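The structure appears below as structure tokens.
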Amino acid sequence: YEQDIQDLINSMNENVWFLVENKLSDGKEQITGQFSTNTWNGRFFIDAQGYIFIPFNGCRNEKNDRMIKNGNSFLSHFHLAKQVRIMIVCRFMKTSLKNKTDYRNSINQKHN
């Protein structure tokens with residue numbers, strides 16, 4: 001798997017789109033979502049310390065056009081080789097998730 005993992009990382013450093021899910025994972029309270037590159041796709045998790053986990057056994061060696069075209073996905077502007085940039089993206093995703101949750105809560109309160 002070493003070469004496949006390196007290919008995935010290289011592909012993520014070229015282009016990677018993320019789709020953050022609306023709620024945190026059960027139990028671990030991690031940010032969750034999907035990602036796609038030009039040649040790979042799968043799921044990701046971000047823990048409270050800001051570490052990104054990508055379960056490689058769930059990755060597929062193909063682009064996920066449906067996820068990329070989702071209006072809530074976004075193209076990242078960082079490279080995985082730079083830990084500082086990963087932390088910035090994690091903060092962005094946490095803020096984005098919080099803003100989505102706050103927005104949905106305000107809509108639900110207006111309708112109740």
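Everything numeric in this text was worked out from a predicted model, so none of it was measured.
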If we only count heavy atoms from C-beta on, is the [X] to [Y] side-chain gap below 4.5 Å?
X	Y	answer
L19	F35	no
T39	D7	no
F56	L8	yes
W17	T37	no
I54	M12	yes
L75	N15	yes
L24	F45	no
W40	D4	yes

query = Are the side chain of S76 and the backbone of V16 linked by a donor-acceptor contact shorter than 3.5 Å?
reply =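 Side chain of S76 to backbone of V16, a donor-acceptor pair under 3.5 Å: yes, one is there.
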ask   = Hey, does the side chain of S73 reach the backbone of I68 with a donor-acceptor pair shorter than 3.5 angstrom?
value =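 Pair found, side chain donor or acceptor close to backbone of I68.
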ask   = So, are R43 and E21 salt-bridged, with charged N and O less than 4.0 Å apart?
value =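 Salt bridge: yes.
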key: side-chain contact (heavy atoms from CB on, under 4.5 Å) assessment of N38 paired with K63   = CA-CA 5 Å; N38 293 323; K63 185 177 184 179; 4.0 Å; yes
key: Aromatic ring pairing F44/F18, orientation class (parallel under 30°, perpendicular over 60°, tilted between)   =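 Rings of F44 and F18: perpendicular, over 60°.
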inquiry  = Working to the nearest 0.5 angstrom, can you tell me the gap between E29 CD and D47 CG?
reply    =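 It is 12.5 Å, given to the nearest 0.5 Å.
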ask   = For T32 and S25, does a side-chain donor sit closer than 3.5 Å to a side-chain acceptor?
value =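 Per modelled atom types, T32 and S25 side chains form no pair under 3.5 Å.
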R60: partners by side-chain contact (heavy atoms from CB on, under 4.5 Å), with sequence neighbours left out =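 With sequence neighbours excluded, R60 shows a side-chain contact (heavy atoms from CB on, under 4.5 Å) to N41, E62, given in chain and number order.
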task = Please test N10 against E14 for side-chain hydrogen bond (donor to acceptor under 3.5 Å, both in side chains), starting from the C-alpha separation and ending with a verdict.
result = CA-CA 7 Å; N10 292 342; E14 291 173 13; over 6 Å; no
